[in-house]
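Okay, so here's the structure we're looking at.
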Amino acid sequence: MTTSQFLDMNPAQQQAVRYLDGPSLVLAGAGSGKTRVIISKIAYLVNQCAYQPGSVFAVTFTNKAALEMRERLQKLLGAQKAEELNISTFHSLGVRMLRENAQAVGLKARFSVMDAQDCFALVQSLVATTDKARLKAVMQQISLWKNALIDPDQAAGLAKTARELDAVRLYHSYQASLRAYQAVDFDDLIVLPCQMLVNEPSVRERWQNRVRYLLIDEYQDTNACQYQLVRQLTGARAMFTAVGDDDQAIYGWRGATMENLALLEQDYPQLKLIKLEQNYRSTQTILTAANTLITRNPKLFEKQLWSELGNGEAITVSRLEGELEQAQAVAIRLSAARTEKRAQWRDFAVLYRSNQQARMMEQALRDLRIPYTVSGGQSFFDKAEVRDVLAYLRLLANEYDDPAFIRAATTPRRGIGQTTLQTLGEYAAKRHLSLFAAAQEQGAQSVIQPKQREALASFVGFLQRFASRASKPAGQQPVAGLLDELMAGIDYEHYLYDVSADDRAARVRWQNVLDLLDWLKTRAADSDWGLTELVQHIALVTMLERQGDQSPDAVTLSTLHAAKGLEFAHVYLIGIEEGLLPHLGRESDDEVLIGSAQRIEEERRLMYVGITRARRSLHLTWCARRRRGGQDHACEVSRFVAEMGLEEQPSVADPNASLTPKGRLDMLRAMLTRPS
DNA sequence: ACAGAATCAAATTAT
DNA sequence: TTGATTCTGT
């Protein structure tokens, strides 16, 4: 790597890359080449500053960002060095830290990582209630406490509102259960490594020696715990670069605090502040709208984005009758724009506030045979058949994982039911045993009915045949063979045909299982990971990795949150309505009052993120009516439209208003095929 | 233990 | 309207 990599960089970018005299904070506006700076800096460290690739760490929030970073570095550094770099999400780094030193926080190395669904089920089992909203509130509160490094005892002292008092009662038992299962939740993946570094000087020293330089992406999205982790990892040398943008802080609801940006200045007086203000992505028209909107928010740092790309196309704002009309209009216009601009499908994105808005959009795109991919939505790993198989693997990786035991024991049906599990559970609880261990004891077997006893014994015997193989050292585990035998042993394919409505559905579900197995085998083969490592990581993985290298030419459908970091030539923001885009929760909640102004500000940043995804054209749509719950409801256009300095355009006279949606669709389709 | 019928609630955002 | 969960009977 030579200085050539700097030739087309502006002075601020070059400075951000070259600055190595101490900690630095790079305030990178949207589209200002942030990722490029991080990548160049890593290459610079390795190629010109003699850093060992293995001593450079970079943390991101999503697997996708980490993956992209590694791919781009492969081109700059070659496969060998790129492989040695430590590029990962915060959570993957946490898993790794815990695995290497689990006993320091009282865990076995073979712990389980429970995803949000597992945790929800756990809380549900702790408190006998059907109130879903209450369970969610409890979980969120516990999560917020964890992210702020507040343990159950401290929380007990702090809890004041009814909601907090409710949550604090469960916080203790929730943690106790996780511990009993040798399991951690997502928050623990940051909290526990953090505690480990604080409490164990020898561990801390080892990590500080290992991490010679640390780069943190999307710094505005870090929470108190992650801030602490960064501090502990970098220690007194404080060799790190944090990159972030306070205008794009959109994860306050999960504990992120953009005050972490300001906190850096306090904690590191020598901090070097670098601003990237030139935008290379969008037209001036789009940037002006974004800037105008965001000036409504109080500023942490002053920052003025500018562009050399000229004004370009005007932004459009369109009012549509309902959701269906909106989806169809967007599909039609998008399709027409592609022809007009001689663009590809991949140049277009439709962005929305909440996942459910994708449904109707998908329908409309399908009707017009427009290829699309839905980004976000980790549907694959949420599928029942996938979770079933993973339950077996989790149990093999960690015999204390009682939730996995229960799921595996009852699917496929093998004569072990609720009564049996309850008896077994009572026996295990008395003796502080895992369900799996209890099931192997004479004492437990004697209190269970003969028929069930036999079923249980056969289940346990079956698993034991695999357990010894799964606990072999990671390098010499024939993971592929183990998986195949396991699947054959439980005859899962047969089970799927039994329980599915029709053979077609069963075929699809079995294919999902095969995809999962394939994914696991591939990962095992080229990472020398064993079953334990694979299973520990799988909760953190989303579908994106499965789509593979070759992305087909397709329109992107994405939530605004999932769209952060992406860019598209042409962006359609749909559902720009009061209540939806400034999203308003239920007003009856006693907690809601706390920061309504702050909530609007975060929603405004979300809008800002959406706008700044667009390179060349931006189109906003909103619905006059929307089905909410059961009945129709009138909607207003979002306040953000006016705040951007835009007006609703005189709506295109709609001669087809009296047509049925189907008729209109046919008509529009006909118009499309006609040359203009 | 399990499958079908009745009832009920529904709407953030995600590692 | 759906989709999911709970109840009931075998």
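Predicted model only: the values in this text are computed from it and were never measured. Numbered from 1 within each chain, the chains take letters A, B, ... in sequence-line order.
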What's touching nucleotides 2-5 of chain B from the protein side, N or O pairs under 3.5 Å?
from   : atom 1 : to        : atom 2 : distance (Å)
dC2(B) : OP2    : Arg413(A) : NE     : 3.4

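- One finds no side-chain N or O of Ser92(A) lying less than 4.0 angstrom from the OP1 or OP2 phosphate oxygen of dT15(B).
- The distance between atom CG of Leu144(A) and atom P of dT13(B), rounded to the nearest whole Å, is 17 Å.
- Heavy atoms of Phe186(A) sit under 4.0 angstrom from at least one base atom.
- Comparing the same atom, C1', in dA11(B) and in dT6(C) gives a spacing of 22 Å after rounding to whole Å.
- Between the Arg625(A) side chain and the Gly322(A) main chain, no donor and acceptor come within less than 3.5 Å of each other.
- One atom, CD of Glu218(A), and another, P of dT15(B), lie 12 Å apart when rounded to the nearest Å.
- Checked for salt-bridge contact, Arg359(A) and Glu323(A) miss the test: no charged N lies under 4.0 Å from a carboxylate O.
- The nearest whole Å value for the distance from the NZ atom in Lys136(A) to the P atom in dT13(B) is 8 Å.
- Side-chain contact between Val637(A) and Arg319(A): absent, with no pair of heavy atoms (C-beta onward) separated by less than 4.5 Å.
- Comparing dT5(C) with dT12(B), their C1' atoms sit 22 Å apart, to the nearest whole Å.
- Ring orientation note: the planes of Trp207(A) and Phe57(A) are nearly perpendicular, at an angle over 60° on the 30°/60° scale.
- The local environment of CZ in Arg366(A) is crowded, with over 12 non-hydrogen atoms from other residues, nucleotides or ligands closer than 6.0 Å.
- Straight-line distance from the CD1 atom of Ile216(A) to the P atom of dT15(B): 20 Å, rounded to whole Å.
- Between Tyr171(A) and Trp145(A), the two ring planes are parallel [angle under 30°; tilted spans 30° to 60°].
- In this structure, Ile538(A) atom CD1 and dT15(B) atom P are separated by 15 Å, rounded to whole Å.
- Residues passing the ring pair (Phe, Tyr, Trp, His ring centres under 6.0 Å) test with Tyr497(A): none are found, sequence neighbours excluded.
- For Gln248(A) and dA14(B), the CD to P distance is 16 Å, given to the nearest whole Å.
- Within the nucleic acid shown, Thr419(A) comes within 4.0 Å of sugar-phosphate atoms alone, with no base atom in reach, counting heavy atoms only.
- As rounded to whole Å, 5 Å separates atom P of dT12(B) from atom NE2 of His583(A).
- Comparing Ala116(A) and Gln356(A) along DNA chain B, the residue whose closest nucleotide (by nearest heavy atom) sits nearer the 5' end is Gln356(A).
- Between the CZ atom of Arg353(A) and the C1' atom of dA11(B) there is a distance of 11 Å, given to the nearest Å.
- Within the 4.0 Å cut-off from OP1 or OP2 of dA11(B), not a single side-chain nitrogen or oxygen of Asn355(A) is found.
- Under the stacking criterion of a centre-to-centre distance below 5.5 angstrom and an interplanar angle below 30°, Tyr251(A) is not stacked against the six-membered ring of dT13(B).
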